[in-house]
Asker: 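Have a look at this one.
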Amino acid sequence: MSEEILINVTPRETRVAVVENGMLQELHIERGWSRGVVGNIYKGKVQRVMPGMQAAFVDIGLDRAAFLHANDVMRPLPVPEVEAEEAGMQAQAPAPVPPIAELLRDGQDVVVQVVKEPIGTKGARVTTQISIPSRYLVLLPQSTVVGISARIEDDGERNRLKGIVAGLSAAGSGHGYIVRTNAEGQPADALQEDIGYLGRVWSLVEQRSRDARVGSCIYEDLTLPMRAVRDLMRRDVEKVKVDSRETWERLRTFAAQYVPGLAEKIEHYAGERPVFDLYGVEDEISRALDKEVPLKSGGYLVIDQTEAMTTVDVNTGSFLGQRNLEETVYRTNLEAAQAVARQLRLRNLGGIIIIDFIDMTDPEHRRQVLRTLEKSLARDHAKTTVYDFSPLGLVEMTRKRTVESLQRQLSEPCSACGGRGMLKTAETVTYEVFREITRAVRQFDAEQLLVIASPPVVNLITEEESAAVAELEEFLGKSIRFQADDQYPQEQFDVVLL
């Protein structure tokens with residue numbers, strides 16, 4: 001598996017692309033005016049405790065109050081959800097959750113960490129269970145647990161790493177840690193350096209949490225390029241190409257300190273052709289905003305993202321197969337399973353996802369399609385859970401969502417259709433115009449009316465519906481004029497009384 005990381009830097013936007021075998025798999029975007037806040041730690045103030053929701057709203061200085069659930073302020077603390085997922089551990093079973101009013105009160109100062117970006121109209125999701133990541137470890141300052149990433153599969157290596165970290169922790173701060181995948185094969189010295197770094201960061205956080213004013217950020221995660229080196233750069237990554245010399249120099253310095261063995265893989269790209277164009281990334285980004293995803297076989301996916309869930313419909317299209325219908329369906333579904341996994345990762349789709357594979361009668365075919373989907377999701381950094389085929393032949397799955405999807409980062413609702421994806425027909429708008437004319441005449445006194453609308457609507461009214469206009473004028477006893485305006489969307493019109 002050939003994997004490269006491309007970093008494109010412009011004055012107001014930074015983009016990181018993960019390319020595997022020449023195909024774009026992930027895209028991360030950070031804009032100067034809207035840097036992500038996941039991982040940041042804030043000194044907040046409880047605005048309002050909501051007993052009915054077992055939650056509280058906390059002012060952390062952002063546009064919208066953050067949401068803090070009672071589960072996230074429990075003591076003693078279990079392994080925080082985000083670290084437990086990476087470690088492949090199950091969080092310790094918590095004690096029964098006491099009422100939120102016993103945990104928090106209105107006006108109380110509280111130090112919280114953002115675990116989910118503000119999405120849509122919802123504020124950020126926060127927790128008091130602080131965790132701070134470094135290259136090889138995640139610090140759990142309020143815990144004593146030492147966990148190992150599930151992606152480190154060798155039992156001997158897991159025991160070695162756990163022994164080293166547990167010993168270093170016992171000899172020092174006594175804090176808990178999660179050993180990240182990147183720690184595999186690393187010597188004790190490297191882990192000790194990480195523990196020292198995390199200790200210094202936590203001391204600074206503690207000091208700022210005492211001195212900072214409410215609503216201020218007391219710890220901010222690294223910039224996107226540095227996070228990419230810290231989180232995405234593994235030994236199987238061949239190269240990291242950066243098209244900004246300044247960013248490249250900073251990354252080399254950062255990598256030399258934290259990942260010296262991989263620093264040489266970071267290259268400055270100075271070619272005349274943009275680095276994203278060289279790998280076809282720009283075209284892939286454009287295609288990732290389309291609803292339809294073509295498959296090589298001739299089939300295609302239709303992806304619909306809604307507020308509640310994302311649905312994926314699989315269609316055979318022009319693929320006819322070589323043998324019979326069942327074989328055609330099976331082959332299409334196998335290809336679709338791999339394509340779905342890639343699209344979820346590329347488009348950063350999260351929450352509930354429903355996949356409507358083409359119906360298969362053979363139980364073994366269904367098992368193979370499900371196995372292919374799970375295998376294709378294995379390289380996804382986000383936690384995914386896949387369930388078996390439902391009685392209706394649907395596959396339900398979830399994917400952890402922490403930031404907005406690619407579509408919602410790069411797009412906004414259509415001003416013409418209001419985000420519905422459909423426009424009222426010119427005929428529908430025409431009859432709305434007639435009703436509005438009647439309503440206006442009954443409410444106001446005017447000798448003449450002027451209707452301003454889009455050209456398709458005006459053309460339909462003055463040509464095909466001209467007889468209806470004449471009848472309306474006679475019925476109302478008013479003269480009606482129509483004016484086409486290219487600036488009007490098809491659904492918009494104005495009735496002006498003259």
Asker: Just verifying a value: how many Å separate Gln113 CD and Asp221 CG, rounded to the nearest 0.5 Å?
Answerer: 8.5 Å

Asker: Quick check against the 3.5 Å criterion: does Lys43 have a side-chain atom that pairs as donor or acceptor with the backbone of Val214?
Answerer: no

Asker: Any chance the side chains of Glu26 and His381 put a donor and an acceptor closer than 3.5 Å?
Answerer: yes

Asker: Under 3.5 Å, is there a donor on one side chain and an acceptor on the other for Glu4 and Tyr279?
Answerer: yes

Asker: If we only count heavy atoms from C-beta on, is the Val242 to Leu251 side-chain gap below 4.5 Å?
Answerer: yes

Asker: I'd like to check Phe493 versus Val429 (side-chain heavy atoms, cut-off strictly below 4.5 Å). Are they in contact?
Answerer: yes

Asker: Which value, rounded to the nearest 0.5 Å, describes the distance between Glu404 atom CD and Gln409 atom CD?
Answerer: 7.0 Å

Asker: Using only atom types and a distance under 3.5 Å, with no angle test, would you say the side chain of Arg208 pairs donor to acceptor with the backbone of Tyr219?
Answerer: no

Asker: Using 30° and 60° as the class limits, which term best fits the ring planes of Tyr330 and His365: parallel, tilted or perpendicular?
Answerer: parallel

Asker: Is there a donor in the side chain of Glu30 and an acceptor in the side chain of His28, or the other way round, less than 3.5 Å apart?
Answerer: no

Asker: Return the OG1 to CG distance between Thr384 and Leu373, rounded to the nearest 0.5 Å.
Answerer: 8.0 Å

Asker: Does this structure show an ion pair linking Glu374 with Arg371, if we count only N-O contacts that are shorter than 4.0 Å?
Answerer: no

Asker: Regarding Gln305 and Ser405, is there a side-chain donor-to-acceptor distance under 3.5 Å anywhere?
Answerer: yes

Asker: Report, one line per pair, each donor and acceptor closer than 3.5 Å where one atom sits in a side chain of residues 472-486; sequence neighbours left out.
Answerer:
{"residue": "Glu473", "atom": "OE2", "partner": "Ile480", "partner atom": "N", "Å": "2.8"}
{"residue": "Lys478", "atom": "NZ", "partner": "Ala446", "partner atom": "O", "Å": "2.8"}
{"residue": "Asp485", "atom": "OD1", "partner": "Gln487", "partner atom": "N", "Å": "2.8"}

Asker: We want to know whether Asn8 and Asp243 form a side-chain donor-acceptor pair, criterion being a heavy-atom distance below 3.5 angstrom.
Answerer: yes

Asker: Does the pair Arg399 and Asn348 meet the rule for a side chain to side chain donor-acceptor pair (under 3.5 Å), with working shown?
Answerer: CA-CA 9 Å; Arg399 184 175 185 271; Asn348 199 20; 3.1 Å; yes

Asker: How about Thr311 and Ile303: do any of their side-chain heavy atoms sit closer than 4.5 Å?
Answerer: no

Asker: Are Val451 and Asp494 close enough that some pair of their side-chain heavy atoms sits under 4.5 Å apart?
Answerer: no

Asker: Do the side chain of Arg345 and the main chain of Asp380 share a donor and acceptor less than 3.5 angstrom apart?
Answerer: no

Asker: Judged by atom type as modelled, is there a donor-acceptor pair below 3.5 Å linking the side chain of Glu13 to the main-chain atoms of Arg31?
Answerer: no

Asker: Sort out for me which residue in Leu104, Leu68, Val111 forms a side chain to side chain contact (heavy atoms under 4.5 Å, CB included) with Thr128.
Answerer: Leu68

Asker: Donor-acceptor check, side chain of Asp277 to backbone of Arg273, threshold 3.5 angstrom: yes or no?
Answerer: no

Asker: Is the side chain of Asn315 donor-acceptor paired with the backbone N or O of Leu301 at a distance under 3.5 Å, no angle test?
Answerer: no

Asker: Let me confirm one number: the CD1-CD distance from Ile7 to Glu267, rounded to the nearest 0.5 Å.
Answerer: 12.0 Å

Asker: Does a side chain donor of either Ser297 or Glu335 reach within less than 3.5 Å of an acceptor in the other side chain?
Answerer: yes

Asker: Does a side chain donor of either Glu326 or Thr361 reach within less than 3.5 Å of an acceptor in the other side chain?
Answerer: yes

Asker: Flag the pair Val395 / Val386 as yes when at least one side-chain heavy-atom distance between them is below 4.5 Å, and no otherwise.
Answerer: yes

Asker: Do His69 and Arg125 have side chains that get closer than 4.5 Å, going by heavy atoms?
Answerer: yes

Asker: Look at the side chain of Asn333 and the backbone N and O of Ile358, then say whether any donor-acceptor pair between them is shorter than 3.5 Å.
Answerer: yes

Asker: Any non-hydrogen side-chain atom of Ile461 less than 4.5 Å from a side-chain atom of Phe434?
Answerer: yes

Asker: Would you say Leu346 and Leu344 make side-chain contact, with heavy atoms under 4.5 Å?
Answerer: no

Asker: Without swapping roles, check the side chain of Asp304 against the backbone of Val312 for a donor-acceptor pair under 3.5 Å.
Answerer: no

Asker: Keeping the roles fixed (side chain from Gln129, backbone from Asn71), state whether a donor-acceptor pair exists under 3.5 Å.
Answerer: yes

